[in-house]
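Start at 1 with the first residue, then count along the sequence. Both backbone and side-chain heavy atoms feed into the values below; hydrogens, waters and symmetry mates do not.
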Amino acid sequence: MAPKRPEGAGAVPKPVESPAPKPPDRPPLYAALDLGTNSCRMLIAEPRGSQFRVIDSFSKSVQLGAGLESTGRLSRASIGRTIQALRVCQQKLKRHKVRSMRLVATEATRRAQNGAAFMARVKRETGLVLDVISPLEEAQLAVVSCAPLVAPETDQLLVVDIGGGSTELVWIDLTDVAPPERSRAIMRLHGGFHAAAPGEGPRARVVDWISVPLGVATLRDQFRDVDDDAARFALMSWFFEENLTEFAPYKSEQSRKGFQIVGTSGTVTTVAASHLGLKRYDRNRVDGLRMTSDQIDAVIRNYLALGPEGRRADPRIGLDRHALIMSGAAILQALLRCWPTDRLSVADRGLREGMLYAQMSADGVLSTQEEA
């Protein structure tokens with residue numbers, strides 16, 4: 001008789017499974033989208049210390065405000081281009097599973113007679129809900145984004161955001177804030193241009209701010225019928241300065257010592273790239289660059305000498321910017337005529353960075369200590 005097999009003999013032993021290592025928790029992702037008169041731009045980022053790290057980005061010239069000056073409406077072609085760009089943004093938001101986001105539209109949508117209908121169509125066709133923000137909030141976000149570029153020795157600060165449809169100027173007095181605290185004091189303005197709350201720490205004082213309804217696209221359209229290149233430039237610069245008369249600091253001369261302008265716009269970064277002779281744009285060399293009034297004036301004189309055809313062929317300006325660079329330069333020249341400076345800081349940053357900082361700060365996910 002064959003021996004009886006013990007119970008369980010020949011069975012394949014079950015492998016002992018070690019528990020899988022738990023993946024590290026990923027910081028939450030945030031998104032900020034800025035739909036302007038000329039461009040649609042978005043950043044997706046994660047908090048990193050006192051700053052943030054960009055995970056993905058998008059930028060497209062959609063020319064939403066094309067023809068707005070003459071018709072008062074967003075055109076069918078402009079709306080079509082913009083919705084195509086917003087579909088790409090929606091896909092990126094879905095792919096990255098972004099839950100915290102701020103999506104805004106600015107001057108062109110504010111002014112257009114069919115702006116509300118356009119927003120409704122955007123929601124219907126892309127699922128995205130955009131807020132049409134006020135000029136005040138636009139100015140606040142621009143100021144916050146530029147805070148890291150403010151020098152400790154700056155007593156008086158002018159932040160300039162040259163957009164496609166409007167230009168925001170904010171004058172800030174920092175004399176009551178200790179120099180090491182000046183950058184952080186400006187960041188506290190994300191909640192508004194009012195005085196500091198008790199226990200909040202020193203806050204920069206906003207002397208005055210203005211939103212001029214002239215940007216690179218709208219100013220160009222105002223003088224499109226002037227054929228002479230130099231005459232058109234001079235008229236644009238004069239006309240922009242005329243719109244500054246209600247801005248309180250316009251009435252008083254400013255000493256160069258302790259005064260700084262921070263400029264954020266495609267105009268300012270293009271002028272910086274031209275000054276550096278960059279044939280291929282390099283954000284690391286442009287963002288934070290300091291330029292004098294004389295250096296900026298030399299670049300603008302060179303643009304005028306090139307003429308429209310020369311500017312179109314200049315790789316430092318780029319195909320997307322050549323049609324708008326002279327209206328932007330006219331705005332910049334008007335500002336430097338009022339407030340000459342040896343410290344204009346170039347900011348390759350703007351509303352998107354301001355929105356990201358404001359969201360992360362409100363959620364308490366940023367370190368309160370500056371990183372080394």
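Counting all heavy atoms, side chain and backbone alike, E353 lies closest to L43 at OE2-CD1, 3.6 Å. When all heavy atoms of L93 and A31 are compared, the pair lying nearest together is CD2-CB, 3.4 Å. Shortest non-hydrogen contact noted between F240 and L214 is CE1-O, 4.0 Å.
With hydrogens and angles ignored, the 3.5 Å screen pairs no side-chain donor or acceptor of T154 with any backbone N or O of L157. Judged purely by atom type and a 3.5 angstrom limit, D287 uses its side chain to pair as donor or acceptor with the backbone of D348. Panel note: side chain Q333, backbone A330; no donor-acceptor pair is recorded below 3.5 Å. In terms of modelled atom types and a separation under 3.5 Å, the side chain of R205 and the main chain of D173 share no donor-acceptor contact. The main-chain N or O of C146 is never found under 3.5 Å from a side-chain atom of R349 such that the two would form a donor-acceptor pair. Remark: the backbone N or O of A151 is paired with a side-chain donor or acceptor of Q260 at under 3.5 angstrom. In this structure a side-chain-to-backbone donor-acceptor pair under 3.5 Å is missing from S237 to F233. Between the side chain of T126 and the main chain of V122, a donor-acceptor pair closer than 3.5 Å is present. A donor-acceptor pair is defined here as one N or O able to donate and one able to accept, closer than 3.5 Å; such a pair exists between the side chain of S145 and the backbone of G350. In this structure a side-chain-to-backbone donor-acceptor pair under 3.5 Å is present from T37 to G165.
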(request) Evaluate the criterion side chain to side chain donor-acceptor pair (under 3.5 Å) for residue pair Y30 and D363; output intermediate values, then yes/no. (result) CA-CA 11 Å; Y30 291 78; D363 287 353; 2.7 Å; yes
(request) Go through the steps for S166 and E168 under the test side chain to side chain donor-acceptor pair (under 3.5 Å), then give the verdict. (result) CA-CA 7 Å; S166 65; E168 280 66 47; 3.0 Å; yes
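The shortest side-chain heavy-atom distance between P213 and E107 falls under the 4.5 Å cut-off. The side-chain heavy atoms of M291 and V271, taken from C-beta on, include a pair separated by under 4.5 Å.
Checked options F193, W339, W209; the residue passing with W171 is W339 (criterion: ring-ring contact (aromatic ring centres under 6.0 Å, His included)).
Less than 6.0 angstrom separates the ring centroid of F239 from the ring centroid of F223.
V216 and L74 fall into different hydrophobic clusters, defined by Ile, Leu, Val, Met, Phe, Trp and Tyr side-chain heavy atoms under 4.5 Å apart, directly or through other members.
A salt bridge links R87 with E125: the closest approach of a Lys/Arg side-chain nitrogen to an acidic carboxylate oxygen falls below 4.0 angstrom.
In summary, the side chains of Y281 and T270 do not present any donor paired with an acceptor at a separation below 3.5 Å, with no hydrogens or angles considered. In this model, a donor atom of one side chain and an acceptor atom of the other lie less than 3.5 Å apart for N302 and R316.
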